[in-house]
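Nothing here was measured: the structure is a model prediction, and the numbers come from that model. Residues: numbered from 1 along the sequence shown.
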Amino acid sequence: MRNVLKKLIESENKRFIFLMAIFVFSLMVSAIIYFFSGQKNITNINYEIISTMKLNVIFIMNIKRNLIYFILIILLTIIGQNKIINILFGLVSVYYGLSVIYLIRTFGMDMKYFLMTFTDYFIFFPILFYFTFISSTISKYTRKSKNIETISHKFDIIVTGYIKISIIYLSIVTVYSLGYSYYIYILSRLLVR
């Protein structure tokens with residue numbers, strides 16, 4: 001089962017490049033949005049409010065933010081909606097691009113923001129990108145195979161394998177969200193002292 005999925009994913013180099021192209025295009029859209037929305041209007045972050053939040057509140061906020069995308073992608077993959085997956089990834093990438101622009105703009109002025117968000121850029125987003133690539137690849141095959149009764153067994157193998165991979169990724173995201181919540185909880189208290 002794992003070998004079948006591994007071969008499917010490894011055979012899709014073009015899809016990986018296509019997702020990279022969506023990502024680059026989304027970053028350009030982010031720059032255009034930022035340019036026309038007013039470059040000087042940077043929202044100030046109130047670190048004192050963050051420092052008063054309880055750990056469970058921070059965790060719930062993080063887990064909601066992080067898991068919603070993954071759950072949507074899983075559902076779209078199982079029903080074979082590759083185009084919607086690409087659109088959703090593009091929207092998330094635009095948001096990511098705006099966040100990166102904000103990070104760069106505030107880097108010299110607000111080191112606290114960088115400390116609180118750098119793990120999202122260097123750990124979470126690469127996980128999200130690779131999971132999207134896997135899901136986009138699998139959705140192509142679930143869309144094709146679910147319409148043909150004679151290969152319903154192949155469809156079941158693909159979906160079962162994908163669900164197992166998805167559970168691993170959901171576990172990784174949950175662990176990341178918990179670790180990130182602890183990090184924010186401790187760091188926010190250190191920063192306001």
Side-chain angles (χ1 to χ4, degrees), residues 1-34 62-103 117-180:
M1 188 184 309
R2 278 190 180 172
N3 289 335
V4 172
L5 289 178
K6 192 175 180 182
K7 285 177 184 175
L8 291 179
I9 292 163
E10 287 174 353
S11 68
E12 293 290 330
N13 295 330
K14 288 180 183 176
R15 190 169 298 275
F16 187 83
I17 293 166
F18 180 68
L19 274 180
M20 283 299 293
I22 291 174
F23 177 62
V24 170
F25 178 75
S26 298
L27 292 181
M28 292 189 304
V29 170
S30 299
I32 292 166
I33 291 169
Y34 178 74
N62 280 318
I63 204 78
K64 276 185 195 173
R65 179 195 71 157
N66 295 342
L67 280 186
I68 287 173
Y69 177 84
F70 281 80
I71 291 168
L72 281 173
I73 293 296
I74 291 166
L75 295 174
L76 290 169
T77 300
I78 291 170
I79 59 174
Q81 296 298 317
N82 184 45
K83 289 179 183 175
I84 299 174
I85 289 171
N86 292 338
I87 292 167
L88 191 58
F89 176 70
L91 292 173
V92 168
S93 296
V94 169
Y95 173 77
Y96 174 80
L98 287 168
S99 299
V100 170
I101 292 168
Y102 184 86
L103 180 70
T117 58
F118 81 95
T119 57
D120 271 354
Y121 304 115
F122 300 112
I123 297 172
F124 181 70
F125 193 80
I127 292 169
L128 182 145
F129 178 85
Y130 195 70
F131 182 73
T132 303
F133 166 65
I134 291 170
S135 300
S136 178
T137 302
I138 300 300
S139 70
K140 173 184 167 184
Y141 294 99
T142 56
R143 185 182 72 245
K144 285 181 180 178
S145 58
K146 73 177 179 177
N147 296 325
I148 305 167
E149 289 180 19
T150 55
I151 55 171
S152 61
H153 180 64
K154 185 178 179 184
F155 173 72
D156 292 340
I157 289 171
I158 291 169
V159 170
T160 303
Y162 176 71
I163 288 171
K164 287 181 179 178
I165 289 171
S166 298
I167 289 168
I168 292 168
Y169 271 86
L170 289 175
S171 302
I172 290 168
V173 171
T174 302
V175 169
Y176 169 80
S177 299
L178 182 61
Y180 183 66

*Please assess Phe131 against Ile168 for the test side-chain contact (heavy atoms from CB on, under 4.5 Å), listing each intermediate value before the final yes or no.*
CA-CA 10 Å; Phe131 182 73; Ile168 292 168; over 6 Å; no

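Atom OG of residue Ser136 and atom CZ of residue Phe89 lie 9.5 Å apart, to the nearest 0.5 angstrom. Ile138 CD1 to Ile165 CD1: the interatomic distance, rounded to the nearest 0.5 Å, is 6.0 Å. One distance of note links CD1 of Ile85 with CD1 of Ile73; it measures 5.0 Å at 0.5 Å rounding. Taken to the nearest 0.5 Å, the CG atom of Leu88 stands 11.0 Å off from the CD1 atom of Ile22. Going from atom CD1 of Ile167 over to atom CD1 of Ile172 covers 12.5 Å, rounded to the nearest 0.5 Å. Here the CE atom belonging to Met20 is positioned 9.5 Å from the OG atom belonging to Ser93, to the nearest 0.5 angstrom.
Phe133 has its ring centre less than 6.0 Å from the ring centre of Tyr130. Within the 6.0 Å centre-distance limit, the rings of Phe16 and Phe129 are counted as a close aromatic pair. Taking the six-membered ring for Trp and the full ring otherwise, Tyr69 and Tyr95 have centroids separated by 6.0 Å or more.
Within the 4.5 Å cutoff, the side chain of Asn86 has heavy atoms near those of the Leu19 side chain. A heavy-atom distance below 4.5 Å is found between the side chains of Val173 and Phe124. When side chains are defined from C-beta on, Tyr162 counts as touching Ser135, because their heavy atoms get closer than 4.5 Å. Between Tyr121 and Ser99, some side-chain heavy-atom pair lies under the 4.5 Å cut-off. You'll find the side chain of Leu170 reaches within 4.5 Å of the side chain of Ile74, heavy atoms only. When side chains are defined from C-beta on, Ile134 counts as touching Tyr169, because their heavy atoms get closer than 4.5 Å. Here the side chains of Ile127 and Phe70 are in contact, with some heavy-atom distance below 4.5 Å. Residues Thr119 and Tyr176 are in side-chain contact: their nearest non-hydrogen atoms beyond the backbone lie under 4.5 Å apart.
The two residues Phe125 and Val92 come nearest to each other via the heavy atoms CE1-CG1, 4.3 Å. The two atoms that bring Ile84 and Leu76 nearest to each other are CG2-CD1, 3.7 Å, heavy atoms only. Looking at every heavy atom in both residues, Asn66 comes nearest to Ser177 through ND2-OG, 2.9 Å.
Side chain to side chain, Tyr96 and Ser30 fail the donor-acceptor criterion of an N or O pair below 3.5 Å.
A distance-only check finds no donor-acceptor pair linking the side chain of Ser139 to the backbone of Gln81 [under 3.5 Å].
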